[in-house]
Amino acid sequence: QVSLVESGGGLVQAGGSLRLSCAASGRTLNTLAMGWFRQAPGKEREFVAAINWNGGLKNHADSVKGRFTISRDNAKNTVYLQMNSLQSEDTAIYYCAMRDGYSSRSSASDYNYWGQGSQVTVSS
């Protein structure tokens, strides 16, 4: 049984930083692509960042490019999302997702497993 558990969310002032972690169990990550998505109140879930199986390829949504960075540590079976220069529009529930494939994707429908989400609230 695959389980993805996010942590590291919370309340932060605009301009601040947070690092989200996603710990996986039930599968080893070293052959799987991973992604981060977010959903703000009243909005659809949107792509944030994705990383391929070995971390060699990453892509980030235009809205977070230059501020957020996805990374992974396969030895720890964990994926991270470093979020800097946070803005009020980054407020959302952030979800970690696992894909049964090597290459990263930006569509939520390409992911097979999801975490329960971690709330990030940015105060202005």
Side-chain angles (χ1 to χ4, degrees):
Q1 177 117 7
V2 174
S3 175
L4 301 174
V5 179
E6 301 98 337
S7 61
L11 174 64
V12 64
Q13 288 189 333
S17 299
L18 285 173
R19 188 176 81 154
L20 300 181
S21 298
C22 172
S25 60
R27 294 282 296 274
T28 54
L29 293 186
N30 57 7
T31 60
L32 303 173
M34 300 292 293
W36 286 97
F37 293 77
R38 66 185 182 187
Q39 188 166 18
K43 295 188 177 181
E44 294 187 352
R45 190 169 298 192
E46 66 172 357
F47 169 74
V48 176
I51 188 167
N52 76 330
W53 68 281
N54 65 356
L57 291 175
K58 307 176 185 180
N59 56 312
H60 298 80
D62 288 343
S63 58
V64 306
K65 204 168 289 184
R67 300 187 299 122
F68 292 11
T69 303
I70 190 171
S71 62
R72 66 190 297 155
D73 185 337
N74 286 345
K76 295 183 177 180
N77 235 33
T78 301
V79 177
Y80 305 96
L81 184 68
Q82 177 66 43
M83 304 185 293
N84 299 328
S85 302
L86 283 160
Q87 305 165 358
S88 57
E89 49 264 42
D90 296 318
T91 295
I93 299 174
Y94 284 71
Y95 297 91
C96 171
M98 173 189 289
R99 179 172 181 270
D100 275 331
Y102 289 100
S103 57
S104 59
R105 294 285 189 271
S106 60
S107 173
S109 62
D110 287 322
Y111 289 81
N112 305 96
Y113 304 97
W114 293 83
Q116 82 289 350
S118 181
Q119 177 70 49
V120 171
T121 303
V122 183
S123 63
S124 56

Identify every side-chain donor-acceptor pair in residues 48-64 under 3.5 Å, counting partners at least two apart or on other chains, and give the distances.
unit_1 : atom_1 : unit_2 : atom_2 : d
Asn52  : OD1    : Gly55  : N      : 3.1
Asn52  : OD1    : Gly56  : N      : 2.9
Asn52  : OD1    : Leu57  : N      : 2.9
Asn52  : ND2    : Asn54  : OD1    : 3.1
Asn54  : OD1    : Gly56  : N      : 2.9
Lys58  : NZ     : Ile70  : O      : 3.2
Asn59  : OD1    : Ser104 : OG     : 3.3
His60  : NE2    : Ile70  : N      : 3.0
Asp62  : OD1    : Lys65  : NZ     : 3.1

Would Phe68 and Leu86 count as a side-chain contact (heavy atoms from CB on, under 4.5 Å) if you check the C-alpha gap in whole Å, the side-chain angles of each, and the deciding distance to 0.1 Å? CA-CA 9 Å; Phe68 292 11; Leu86 283 160; 3.7 Å; yes
Polar contact flag, side-chain donor to acceptor under 3.5 angstrom, Arg105-Ser103: yes
What distance do Leu81 atom CG and Met34 atom CE have between them, rounded to the nearest 0.5 Å? 11.5 Å
Nearest heavy-atom contact between Leu29 and Ala24 is CD2-CB, 3.7 Å
With a cut-off of 3.5 Å and sequence neighbours excluded, list every side-chain donor-acceptor pair involving residues 117-124.
unit_1 : atom_1 : unit_2 : atom_2 : d
Ser118 : OG     : Gly9   : N      : 3.2
Gln119 : NE2    : Ala92  : O      : 3.4
Gln119 : NE2    : Thr121 : OG1    : 3.3

Which atom pair, heavy atoms only, marks the closest approach of Gln82 to Ser17? NE2-CB, 4.0 Å
Shared hydrophobic cluster, Val5 / Tyr80 (ILVMFWY, side-chain heavy atoms < 4.5 Å): no
Results of ring pair (Phe, Tyr, Trp, His ring centres under 6.0 Å) for Phe37 - residues two or more places apart only: Phe47, Tyr111, Trp114
Could you list the cluster mates of Leu11? Members are the ILVMFWY residues connected by side-chain heavy atoms closer than 4.5 Å, either directly or through other members. none
Test salt bridge (charged side-chain N to carboxylate O under 4.0 Å, His left out) applied to Arg27 - qualifying residues, sequence neighbours left out: Asp100
Write out all pairs satisfying salt bridge (charged side-chain N to carboxylate O under 4.0 Å, His left out) with one or both partners inside residues 76-91, taking only residues at least two apart or from two chains. Arg38-Asp90, Arg67-Asp90
Here the gap from Asn30 atom CG to Arg72 atom CZ, rounded to the nearest 0.5 Å, amounts to 8.0 Å
Side chain to side chain, Glu6 and Leu20, heavy atoms closer than 4.5 Å: no
Specify the closest pair of heavy atoms between Tyr113 and Leu4, including all atoms of both residues, with the distance to one decimal. O-CD1, 3.6 Å
Do the non-hydrogen side-chain atoms of Val79 and Trp36 ever get within less than 4.5 Å of each other? yes
Minimum heavy-atom separation for Gln39 and Lys43, please, with both atom names. NE2-O, 3.1 Å
